[in-house]
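Input: a single structure, listed below in structure tokens.
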Amino acid sequence: MEIKQLDHLVLTVENIEATCRFYETVLGMKVIEFAGGRKALKFGQQKINLHEQGKEFEPKAESPTPGSADLCLLTDVPILEVITHIKSCQVEVIEGPVERTGAEGPIHSVYLRDPDSNLLEIANLI
């Protein structure tokens with residue numbers, strides 16, 4: 001067997017509506033609704049499904065916890081423009097720009113937190 005790409009992942013959050021507003025406004029993701037009113041954040045060919053803490057769908061992670069994720073997301077928008085946009089949304093940049101190593105090589109990254117304090121790394125391929 002060989003895995004070829006990530007289809008989706010699940011974030012457990014305290015407030016789905018606040019999470020949707022943040023990811024839509026700050027990161028430009030599209031909020032979609034599927035299967036019985038569930039919400040997800042669509043970007044590119046992937047999505048992030050959202051579970052509200054205490055109301056998770058089965059099966060689920062052993063210990064679903066808001067604020068436990070650490071995600072790196074790639075963008076083609078130049079990193080200095082990313083920083084300007086993040087700050088214009090009244091979101092704190094906690095680190096960056098810095099050089100890191102991504103799955104396919106060097107990246108320039110900036111870090112911020114979402115409403116649940118998940119760590120988000122937004123990066124450009126170098």
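All values reported here derive from a predicted model rather than from experimental measurement. Computed from heavy atoms alone, side chains included, the values below leave out hydrogens, waters and symmetry copies. For reference, positions follow the sequence shown, starting with 1.
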Completion exercise
CG of Leu50 to SG of Cys20, rounded to nearest 0.5 Å, is 5.0 Å
Completion exercise
side-chain contact (heavy atoms from CB on, under 4.5 Å) test vs Asn124 passes for just one of Thr75, Val110, Leu80, namely Thr75
Exercise for the section: Spell out, yes or no, whether Leu74 and Leu41 are grouped together once hydrophobic residues are joined by side-chain heavy atoms under 4.5 Å, including indirect joins. Expected result: no
Exercise for the section: Report yes or no: does Thr25 contribute a side-chain atom to a donor-acceptor pair with the main-chain N or O of Phe22 at less than 3.5 Å? Expected result: no
Problem - Exceeds 12 heavy-atom contacts within 6.0 angstrom, atom CD of Glu33 - result: yes
Exercise for the section: Could you verify whether a donor N or O on one side chain and an acceptor N or O on the other, from Gln53 and Thr12, lie under 3.5 Å apart? Expected result: no
Exercise for the section: Answer yes if Ile122 and Leu9 sit in the same cluster of Ile, Leu, Val, Met, Phe, Trp and Tyr residues linked by side chain heavy atoms under 4.5 Å apart, and no otherwise. Expected result: yes
Exercise for the section: State, yes or no, whether a side-chain contact exists between Val26 and Leu112 at a heavy-atom distance under 4.5 Å. Expected result: yes
Practice task
State whether the number of non-hydrogen atoms from other residues, nucleotides or ligands found under 6.0 Å of Glu58 atom CD is greater than 12.
Solution key: yes
Problem - Distance, nearest 0.5 Å, that separates NZ of Lys47 from CD of Gln45 - result: 14.0 Å
Practice task
Answer yes or no: is there a donor N or O on one side and an acceptor on the other, between the side chain of Thr65 and the main chain of Ser63, under 3.5 Å?
Solution key: yes
Exercise for the section: Could you tell me whether Lys39 sits above the aromatic face of Phe34, with NZ or CZ closer than 6.0 angstrom to the six-membered ring centre and within 45 degrees of the axis? Expected result: no
Handout entry: Joint cluster assignment, Leu6 & Leu11, ILVMFWY side-chain distance < 4.5 Å
Key = yes
Practice task
Without swapping roles, check the side chain of Gln46 against the backbone of Gly44 for a donor-acceptor pair under 3.5 Å.
Solution key: no
Exercise for the section: Using a strict cut-off of less than 4.0 Å between a Lys/Arg side-chain nitrogen and an Asp/Glu carboxylate oxygen, indicate whether Arg100 and Glu95 qualify as a salt bridge. Expected result: yes
Handout entry: Pairwise side-chain contact, Lys30 with Phe43, heavy-atom cut-off 4.5 Å (strictly under)
Key = no
Practice task
Please examine the side chains of Ile107 and Glu99, heavy atoms only from C-beta on, and report whether any two atoms are closer than 4.5 Å.
Solution key: no
Practice task
Spell out, as yes or no, whether a donor-acceptor pair under 3.5 Å connects the side chain of Asn118 to the backbone of Ala69.
Solution key: yes
Practice task
Is it possible for you to say whether Tyr111 and Leu125 belong to one hydrophobic cluster, with membership spreading through side-chain heavy-atom contacts below 4.5 Å?
Solution key: no
Handout entry: Enclosure of Gln5 CD (heavy-atom neighbours >12, cutoff 6.0 Å)
Key = yes
Problem - Any side-chain heavy-atom pair of His108 and Ile126 under 4.5 Å - result: yes
Practice task
Give the intermediate values and the outcome of side-chain contact (heavy atoms from CB on, under 4.5 Å) for residues Met29 and Ile48.
Solution key: CA-CA 10 Å; Met29 293 183 183; Ile48 299 172; 4.3 Å; yes
Problem - Note, Lys87 side chain near Val91 side chain (heavy atom, < 4.5 Å) - result: no
Practice task
Output yes when a side-chain donor or acceptor of Asp116 lies under 3.5 Å from a complementary backbone atom of Glu14, and no otherwise.
Solution key: yes
Handout entry: Donor-acceptor pair, side chain of Asp114 and main chain of Leu119, under 3.5 angstrom
Key = no
Handout entry: Single-linkage hydrophobic cluster, 4.5 Å side-chain cutoff, Tyr23 and Val77 together
Key = yes
